[in-house]
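Chain letters run A, B, ... following the sequence lines, proteins first and then strands; every chain starts at 1. Bear in mind the structure is a predicted one, so any value in this text is a computation, not a measurement.
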Amino acid sequence: MLNIALIREKPDWVKEEIKKLNDEAALNRIDCIVELDAQRRETRTRIETAQAARNKLNRAMGKLRGNKGMADEEKANRAQLAAAALGVRDYDRASRLMDGSEPAIHDEHVELTAAFDELIRELRIMGDEIDEGFERIAAIEGELRENMLWIPNLPHSSVPVSDSEEANVAHQPVGTFREFDFKPKPHWELGPALDIIDFERGVKLSGSRYYLLKGWGARLQRALISFFLDQARTNGYTELYTPYIVHSEMLYGSAQFPKFQDTVYGIADEDKFLLPTAEVAITNMHRDEILEESDLPLNYVAHTPCFRSEKASAGRDVRGIKRVHQFEKVEMYKLTTPETSYDELEVMTRQAENICALLDIPYRRLEIVTGDLGFSATKKYDIEMWSPGCAEWLEVSSCSNTEAFQARRAMLRYYPSGTRKSRYLHTLNGSGLATPRVIIAILENNQQADGSVVIPEVLRKYVGGADAIKADGS
RNA sequence: GGAGAGGUGGCCGAGUGGUUUAAGGCGAUGGUCUUGAAAACCAUUGUACGGUCUUCCGUACCGCAGGUUCGAAUCCUGUCCUCUCCGCCA
């Protein structure tokens, strides 16, 4: 979520920024937000002042009714006078009469019960008005929040401005592109030939975009996950094992909801969902907490399966395991101070790149333009591995700074050293890395003329020293 | 899944529907005292939002959401979570 004060103070500037993001619908909400915010504050001030008077009167009522030292005669008289004062909305006088701080002139006999009934009637009228006011506030705030939840994060000033993902700035590729003396095959041929990816049976079990890894396929994936986690640990990340099913609030916290509600899988009859990424669990881990600056940065890493419905990309990338409903990912995550988050983004991105380098697969960094930033990032780098079989760059990591966008939604705060005034912290996330696409890249880059696949050096210690996957299964 | 007991501030823990502050303690912070520390004593104490916004004022928050009432931590309903016992289970 954006800071509402920013929209209040610089609505035109915010609109200009949103224009860079290709989000027409969000743009149209800004005027509405400004209006609702003004209404909200005006109504709140008015109703809360009335509520203050009401609280005071109710306390005075208790004092009057429970005052053992006061004769019924005087109580009745005060109640009657207070009711009259309430009738002309003189709340101060009414409360002084009730709590005894203003003398009451006793001029006529008043019946106690009748006087209190009259007073309670006046208080009820006042209370009903205020209750209506609070209902109005709740309605306004609900509508305001609903609008705010649909406003994307604003781009960092260093992000190239463009609406087209074609314009993403590709850095110089790193690594050696292998020269093949045969035509490299795509993984959807290599996998079945080696009997390590079984598409038919995956589909039999669960439908399209599901697959089954078998033998070396499953083993290679497990090796990769261990390797990724060990790399992250070496880089100072604390490993987490998180729930894979979370409450819907968590998806609001990490900003998948409400906009991307149809990209996740829900649990029947429960308000819970399968993780589309570990980011959701980690973002909300410190929800509603206030950390100390000395705790930061917090670096976490978690391996989880990721479940995605991929409704938006129906029909695209249906071949192979490039885009699937279930995959394994190792996610790096940082909670930092606002001062350090951009430096940390560079650090995290280099760490992701380093994993590609260690696997000895050619890769490149993409600097994502404003129009392709997504909903929550202020700045984002993608890392792509080259896959000679399908002859394309495959996104294997995406590293983002969301600044305080998720922190504001999930209430992630910290006390700067020496103060007790909390601030929102910054959050960053980056894959490090995701398996099915890395498996694709390894199969396609390391395939040999005889159909075998060489196992990257760094993975061998995870597979008992084996150096190749052969068609005969050895 | 069944039965029961509970959810109160950073922590522990009181709290007959009212008579202006959620008692008291612990912890933390500041101060007094001290050569320094401890002890003792004094003071302070959360979050969010709003107000002519650093120290002032107000509103809301006693798991969460509703309800009853002039007034709810307290009464009612629902819900989530925790604990104990039983059942099941890796």
Please classify B:U21 as syn or anti, treating any glycosidic angle within 90° of 0 as syn. syn

Could you check B:C12 for me: syn (within 90° of 0) or anti?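 In terms of base orientation relative to the sugar, B:C12 is anti.
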
May I ask you to check whether over 12 heavy atoms, not counting those of A:Lys56, lie within 6.0 Å of atom NZ? no

Spacing of [X] atom [atom1] relative to [N] atom [atom2], expressed in whole Å:
X: A:Phe134; N: B:G50; atom1: CZ; atom2: P; result: 15 Å
X: A:Arg44; N: B:A60; atom1: CZ; atom2: P; result: 10 Å
X: A:Gln39; N: B:G50; atom1: CD; atom2: P; result: 15 Å

Do you know which of A:Arg46, A:Arg89, A:Arg124 makes salt bridge (charged side-chain N to carboxylate O under 4.0 Å, His left out) with A:Glu129? A:Arg89

For [X], which contact category applies under a 4.0 Å heavy-atom criterion: base, sugar-phosphate, or nothing?
X: A:Arg8; value: sugar-phosphate
X: A:Arg46; value: nothing
X: A:Ser422; value: sugar-phosphate
X: A:Asp288; value: nothing
X: A:Ile290; value: sugar-phosphate

Considering only the [atom1] atoms, how many Å lie between [N] and [M], rounded to the nearest integer?
N: B:G58; M: B:G2; atom1: P; result: 49 Å
N: B:A43; M: B:C85; atom1: P; result: 46 Å
N: B:G13; M: B:G6; atom1: C1'; result: 14 Å
N: B:C76; M: B:C57; atom1: C1'; result: 36 Å
N: B:C64; M: B:G10; atom1: P; result: 13 Å

[N] phosphate, OP1 or OP2, under 4.0 Å from [X] side-chain N/O:
X: A:Ser95; N: B:U20; value: no
X: A:Gln51; N: B:G58; value: no
X: A:Tyr415; N: B:U47; value: yes
X: A:Arg40; N: B:U59; value: no

Base paired to B:G4 (Watson-Crick or G-U; both N/O distances under 3.5 angstrom): B:C83

With a 3.5 angstrom cut-off on both distances, give the Watson-Crick or G-U wobble partner of B:A48, or none if there isn't one.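 The base-pairing partner of B:A48, which may sit in any strand shown, is B:U59.
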
Letter per nucleotide, 5' to 3', of nucleotides 66-80 of chain B [B base touched, S only sugar-phosphate touched, - untouched; heavy atoms, 4.0 Å]: ----BS---------

Check this for me, if you would: do A:Glu339 and A:Arg423 make a salt bridge, where the nitrogen-to-carboxylate-oxygen distance has to be below 4.0 angstrom? yes

Are A:Arg308 and A:Glu310 close enough for a salt bridge, meaning some N to O gap below 4.0 Å?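 So A:Arg308 does not pair with A:Glu310 through a salt bridge.
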
